[in-house]
Amino acid sequence: MKNLNDKVAAVTGAGSGIGRALALHLADKGCRLALSDVDAAGLAETERLLAGRARAVTTAAVDVADEAAVLAWADAVVADHGRANLVVNNAGVALSGTVASLSTEDYRWIMGVNFWGVVHGTKAFLPHLEASGEGHVVNISSVFGLTAQPLMSGYNASKYAVRGFTESLRQDLELTRSCVSATCIHPGGIKTNIARAARVDDSVAGATGKSADASSREFEKSFITSPARAAEVIVGAVEKNKRRALIGPDARVFDAMVRIAPTGYQRLITGVVRSRGAK
Ligand SMILES: NC(=O)c1ccc[n+]([C@@H]2O[C@H](COP(=O)([O-])OP(=O)(O)OC[C@H]3O[C@@H](n4cnc5c(N)ncnc54)[C@H](O)[C@@H]3O)[C@@H](O)[C@H]2O)c1
C-alpha cells in the first residue's frame, strides 16, 4: 500500500504507547481512523490528541481477547467508514515470572491478548480488507519473537506465535493472489507503559533479588526508542510492503545475535539478566 491517503486504518491498543503514536502518524498520512482499546480513558486521550489532525476518527472499547467483540468492532468500522484497508493488531501485555511459578491461567491470559488478539483481529478484518481491493495486516510481535530470555516464557511464547502466524499468513495471501498483504513487526525497547502495566510474579524477586517495581524500572532502562519513531517504521514497512520490520538499534543487535549464535545467545542473555539482578 504505497499511498495511505484516505485509507481506513484500524488500530488495536490505541490508548497508549505505540498504538497512540501510530494513530497520530496515520492521521498525518491522511488516514481515516478506527481506534480501539480496553482502556476507554486512554483511548479518549488519544482521540483528544487527534482533534483537528485526522480526517475522521471513531473509537470503541474492545477487548481483543474477546472474539465476538472484535468481530462486532470490525463490522462497525466498515459500517462507519465504508471500508477497511489496514488493521494493526497492536494491543499487548507483558508477563514476568519463572515457568515453575507462573500459573496456566497466567499463560492463558497473555496468549488471550497477545496471540488470540492478533488472530481475532486478523480474521475479523480479513474479509473487509479483501473487499476493499487493497488491504494490509500488520501484527506486532517483538524482538522477543526472535530471541527468548529468562522470566518471559509467556511473552516469548505469544510473540513467537505472532511471528509464525504472520509469516504463514503472508504466504497464504501470496499463494491465493490476494489483494491483501501482511507484515510482522519486531520492536526493540520502546518507551511506553508496557513494563509498568505488566503482571510480575513474585518469583522474579526470588530469581533476581529485586522487587517487581525495581525489575520493571531496570527493564525500562533498555527502552531506547520513542513510540513516534516506532510508528514511522511501522508505516514505512506498510508502504514498502515489507515482510518483517525491526524497530530500534537494539532490535538489530538481537537479530544479529540469534543469527550468529542460534542457541548460544541464551547463555549471554541469562548472564546479562543475572548481572542486572546482582547490582
Ligand atoms: N514497548 C516495548 O518495548 C515493546 C517491545 C516489543 C513489542 N511491543 C509490543 O507493542 C505493542 C504495543 O505495546 P506498547 O509498548 O505500546 O504498550 P502500552 O502498554 O503502552 O500499550 C498497550 C495498549 O494495549 C492495550 N491493551 C492491553 N490489553 C488489551 C486488551 N485485552 N484488549 C485491547 N487492548 C488492550 C492497553 O490498554 C494499552 O493501551 C504490544 O503488542 C507489545 O507487546 C512493545
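Only a predicted model underlies this, so the values are computations on that prediction, with no experimental measurement involved. Counting starts at 1 for both ligands and their atoms, in listed order.
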(message) Can you confirm whether or not the ring centre of F254 sits under 6.0 Å from the ring centre of Y265?
(response) no
(message) As a test of reading the model: which residues have a non-hydrogen atom less than 4.0 Å away from ligand 1?
(response) G13, G15, S16, G17, I18, D37, V38, D39, V62, D63, V64, N90, A91, G92, V93, V113, I140, S141, S142, Y155, K159, P187, G188, G189, I190, T192, N193, I194, F223
(message) Is it true that S203 and D201 share a donor-acceptor pair across their side chains at a distance under 3.5 Å?
(response) yes
(request) Let me see the working for S153 and N156 under side-chain hydrogen bond (donor to acceptor under 3.5 Å, both in side chains), right down to the final yes or no. (result) CA-CA 5 Å; S153 55; N156 281 135; over 6 Å; no
(request) Assert yes or no for the condition that the ring centre distance of W116 to F165 is strictly below 6.0 Å. (result) no
(message) I'd like to know if R196 pairs up with E220 as an ion pair, taking the criterion as any Lys NZ or Arg NE/NH1/NH2 lying under 4.0 Å from an Asp or Glu carboxylate oxygen.
(response) yes
(message) If you compare all heavy atoms of M111 against all heavy atoms of A157, which two are closest, and at what distance to 0.1 Å?
(response) SD-C, 4.1 Å
